Every structure is written in C-alpha cells, then in structure tokens.
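First the structure, in the form of structure tokens, and then the observations on it.
Here the structure is a predicted model, which is why all the values come from computation and not from measurement. Basis for what follows: all heavy atoms, side chains included, without hydrogens, waters or symmetry-related copies.
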Amino acid sequence: MQTSPEAMSNRAMNRVPEVTVDFWLIKLMAVTMGETAADYLAVNLGLGLTMTSLIMAAILIGALVLQFGQKRYVPWSYWLAVVLISIVGTLVTDNLVDNFGVSLITTTIGFSVALAATFALWFASEKTLSIHAIFTTKREAYYWLAILFTFALGTAAGDLVAEHFGLGYLSTGVLFGMIIASLTFGYFFLKLDPILGFWLAYILTRPLGASFGDLLSQPTEYGGMGLGTIITSALFLSAIVAIVGYMSLKPKGRDKVAHG
C-alpha cells in the first residue's frame, strides 16, 4: 500500500535517535553522570536537595522547550535533555526518600505504576510505543514523560538493591548488567519483543550506570573508589561531549521514520 504525500509529510522526521551501540553508550554515560552530578550539586556545592531540584527543573524545562522546537533529531539538544532529565529524575527520587521519608520500596512501586500508566495512555492515544515513530508533539511529550519516570524508577530500584538490601555498588552494577545481558540475548536469539526489550533495558541502564557512578565517586569507607563527584562527573561529561560530537558528524538522513 502506497503512502500518501500528506501522510509522508506528517511523518517527516523522527525526533529521537536510532537505537545503536553509540546510543546505549552515551545513554549509560548520561545516567552515570546524572547520579554523580546530582550528588555534586546537592552535597558538594551545598545547595541542598530542594534548591538543586528547583534549579535543575527550571534548566530542564528550558532544554525541553529547545528540544521540542527542533521538530527532528538534533544530537546536542536531544542528549542535553537526556542528561538533564537524568539529573532531575535522580533528584525526584532523592527528594521523596530523604525529604519526605518515602521508602525506597514505595518509590520503586510508585514509579513503576506511573510508568505503566504513561505507557497505557500513550498506547491508547497513539496505538504504538515505538520510538521509531516519534514525529508529533504529542508522541514526543509521552516519550519524555516516560523517560523521566524510567530515570526516577531506575534510581529508586538501584538504591533499593544497593543500599536497602545491602548488595553494594559493585554487586548491584553486576546484577543489573547481567539482567541487561539476558535481555540482549532474548532479543537476538529468543525473539523478545523489541519495544518491550528496549524499554526494559532503558529502565535498567539507570541503576547500572548509577551503581558504577557511585562506585567511582563515593569514599572508600562507603564502598566506593573515592574519585569524588567532581572528577567522576567531569570524566563522563567529557565522554558524552566526545560521543555527541561524533554523532553530529555522522552522515545525515538516518533519522527518517522507518515505520510507525
């Protein structure tokens, strides 16, 4: 069946990147930096959770306005929004736990329900959850809301395993890494649904990155390597900038909508 010119015009350009190796690499870097940068701003700079949350939320809103205005995938604006939403997602969970006394079990369940509700509303409205078809403002809004909840959920789940259950940063990172590896195996060899596999992996890379971020940055007496949040954040920020620069120089035209 041929697609009409009007439909092709409406589908125009996908607003999010293809899922490639460099996508997952920079995503992992972004979530790791989200953890360490949030700690740096709230603790090392002495801003506190509330002030840090307000400042970063305001900056995130500005970045999302810029991102929505692009109407297509632009690496630097997209990944700027991802880094900032990673920081804000971390802060949302930290505020609920540290300032309001909500348990990690409750936040993990609560954000799981919120994410499921977002997916349900998204699918009811658009009949797809595919990231290959983010070509309208409504779909992009659902996409970014889901991303926010994945970061908040990943933070809660990671802290729950590492701290509440006492598994430690390294063991937690290895655990979530093994789960992601099993999802990868399921996708390539067991015909795991690609949309389900993508979103599960997206959620789980958050606690994976956060665990290794904490492992690198936290003092040795708390089970870390003692690099500190400044050095750790700077290392991952440098890697993110380098990879985004590489993405920006790649041949254009690969962000067309393939199917929807």
Return yes if a side-chain donor-acceptor contact under 3.5 Å exists between Ser217 and Thr229, otherwise no.
no

Note: Ala42 and Thr52 closest approach over all heavy atoms is CA-OG1, 3.4 Å

**Report entry** Thr90 vs Phe151 side-chain heavy atoms within contact, under 4.5 Å
**Finding:** no

So, Thr150 side chain and Ile203 main chain: donor-acceptor pair closer than 3.5 Å or not? no

Residue set satisfying ring-ring contact (aromatic ring centres under 6.0 Å, His included) with Trp76, at least two apart, ordered chain then number -> none

- Query: Going hydrophobic residue to hydrophobic residue with side-chain gaps under 4.5 angstrom, can you get from Met56 over to Phe100?
  - Reply: yes

Applying side chain to side chain contact (heavy atoms under 4.5 Å, CB included) to Val92 and Thr107, what does each step give before you reach the verdict?
CA-CA 10 Å; Val92 168; Thr107 53; over 6 Å; no

Tyr202 vs Ile131 side-chain heavy atoms within contact, under 4.5 Å: no

Note: Ala81 and Leu64 closest approach over all heavy atoms is CB-CD2, 4.1 Å

Here the gap from Leu153 atom CG to Thr93 atom OG1, rounded to the nearest 0.5 Å, amounts to 8.0 Å

Worked verdict on Val82 versus Ile147 for side chain to side chain contact (heavy atoms under 4.5 Å, CB included): CA-CA 8 Å; Val82 169; Ile147 295 300; 5.5 Å; no

Is there a path from Leu235 to Tyr246 through hydrophobic residues (I, L, V, M, F, W, Y) whose side chains come within less than 4.5 Å of each other? no

When clusters are formed by joining ILVMFWY residues with side-chain heavy atoms under 4.5 Å apart, either directly or through shared neighbours, do Val88 and Ile61 land in the same one? no

Ala30 and Val83 have their tightest heavy-atom pair at CB-CG2, 3.9 Å

Exercise for the section: Step through it carefully: locate the ring centre of Trp79, locate the ring centre of Phe23, and say whether they are under 6.0 Å apart. Expected result: yes

Value for CZ (Arg15) from CZ (Phe68), rounded to nearest 0.5 Å, stands at 8.0 Å

Margin query: Assess the residue pair Ile195 and Phe119 against the criterion (side chain to side chain contact (heavy atoms under 4.5 Å, CB included)); give the C-alpha distance rounded to whole Å, side-chain angles, the decisive distance to 0.1 Å, and a yes or no.
Written below: CA-CA 11 Å; Ile195 295 176; Phe119 285 143; over 6 Å; no

Test side-chain contact (heavy atoms from CB on, under 4.5 Å), reference Leu175, set Leu208, Leu204, Leu167, output is Leu167

Report task. Answer yes or no: is there a side-chain heavy-atom contact under 4.5 Å between Asp39 and Gln218? Result -> yes

Separation between CD1 (Ile243) and OG (Ser238), nearest 0.5 Å, reads 11.0 Å

So do the side chains of Lys71 and Thr137 get within less than 4.5 Å of each other, counting heavy atoms only? yes

Going through the distances and angles, do Leu115 and Trp199 end up as a side chain to side chain contact (heavy atoms under 4.5 Å, CB included)?
CA-CA 10 Å; Leu115 182 59; Trp199 285 111; 5.8 Å; no

Of all heavy-atom pairs linking Thr172 and Gly158, the shortest is CG2-O, 4.0 Å

Heavy atoms of Ser77 and Gln67 approach each other most closely as OG-OE1, 3.1 Å

Common cluster, Leu227/Ile230, ILVMFWY with side-chain heavy-atom separation under 4.5 Å: yes

Hey, can you pull the donor-acceptor pairs under 3.5 Å for the side chains in residues 182-192, sequence neighbours left out?
residue, atom, partner, partner atom, Å
Ser182, OG, Ile179, O, 2.5
Thr184, OG1, Ile180, O, 3.0

Exercise for review: Could you check if a side-chain atom of Phe176 sits within less than 4.5 angstrom of a side-chain atom of Val161, using non-hydrogen atoms only?
Suggested key: yes

Quick one: does Leu41's side chain get under 4.5 Å of Leu91's, heavy atoms only?
-> no

Hey, quick one: are Leu45 and Ile231 part of the same hydrophobic cluster, counting side-chain heavy atoms closer than 4.5 Å, chains of contacts allowed?
no

CZ of Phe212 to CG of Leu28, rounded to nearest 0.5 Å, is 8.5 Å

Any heavy-atom pair between the side chains of Arg206 and Ser86 that's under 4.5 Å? yes

Output for pair (Lys27 NZ, Thr32 OG1), nearest 0.5 Å, gives 9.0 Å

**Request:** Side-chain contact test, heavy atoms from C-beta onward, threshold under 4.5 Å: evaluate it for Tyr142 versus Lys138 and give yes or no.
**Result:** yes

Between the CG atom in Leu148 and the CG atom in Leu60, the distance rounded to the nearest 0.5 Å is 7.5 Å

Taking every heavy atom of Asn14 against every heavy atom of Phe135, the minimum-distance pair comes out as OD1-N, 4.4 Å

